[in-house]
Amino acid sequence: NGQALVLGIVQGLTELLPISSSAHLILVPWLFDWRYLEQNDAFNQTFDVALHLGTLVAVGAYFWADVVALTRAWLETLRTRTIRTSEERIAWVVAVATVPAALTGFLLEDWIAENLGEPWQMAITLILFGLLLGWADRRPATRTMDTLSLRQGLAVGAAQTLSLMPGVSRSGITITTGRYLGLDRDSAARFSFLLLLPITAGAV
């Protein structure tokens, strides 16, 4: 119970920060020599689902108004077969950006689980992508989220596939790509959190 509480706190603190929650959920048990999850794979997967479900509920509640508005906008585009408003554009950008990581995760899930996740690998990726985020954040902000094109949304989605590697923060890499494309900090973070909802729901 104590380990579960600690790992729940770690998930809550790290999921929304650009520091890779998946890496910390591996590194914390490794650091304290907690082997229960490692030795009980079925329970480990169930526990992982529970952690991500908690994240999904929290973020979904915070962005509920946005989720409802974007869902309505997306359905409206299906009815009219046109994209006319900023909400309709954002809805499609989020949808398009979700596809690469969803497809990659479906195809490579077993390979990733078997070949990635070593502490030394995560140490390298945490440092590398932290530096990359620092570099991208120095770029000038020239646009907001509602000006993103579908192609730019796809670029953010392609970058999000890297977060399937433990040690690469999902929010970190999507914010990095958003800032590189000229999004201001608020738009980059908001877009990243909106992308969290469908990809985490799919993972759960």
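In this chain, residues are counted from 1 in sequence order.
- Remark: R79 CZ to W74 CH2 distance equals 14.5 Å, nearest 0.5 Å.
- Taken to the nearest 0.5 Å, the OG1 atom of T55 stands 7.0 Å off from the CG atom of L196.
- At distances below 3.5 Å, at least one donor-acceptor pair connects side-chain atoms of T176 with backbone N or O atoms of G172.
- Judged purely by distance below 3.5 Å, without hydrogens or angles, the side chains of S192 and T174 pair a donor atom with an acceptor atom.
- For S20 (side chain) and G167 (main-chain N/O), a donor-acceptor pair under 3.5 Å exists by modelled atom type.
- Tracing side-chain contacts under 4.5 Å through hydrophobic residues (I, L, V, M, F, W, Y), one never reaches I112 starting from I26; they form parts of separate clusters.
- In this structure, CG in L132 is found 12.0 Å from OG1 in T125, a value given to the nearest 0.5 Å.
- Taking the six-membered ring for Trp and the full ring otherwise, the centers of F43 and Y36 sit less than 6.0 Å from each other.
- Between R190 and D66, at least one side-chain nitrogen of the basic residue sits less than 4.0 Å from a carboxylate oxygen of the acidic one, meeting the salt-bridge criterion.
- Remark: I175 CD1 to L183 CG distance equals 10.5 Å, nearest 0.5 Å.
- Not a single donor-acceptor pair under 3.5 Å links the side chain of T161 to the backbone N or O of G157.
- For the side-chain hydrogen bond (donor to acceptor under 3.5 Å, both in side chains) test with T144, the passing option among D146, T142, T147 is D146; the others fail.
- If you take OG1 on T177 and CG on L133, they are separated by 9.5 Å, rounding to the nearest 0.5 Å.
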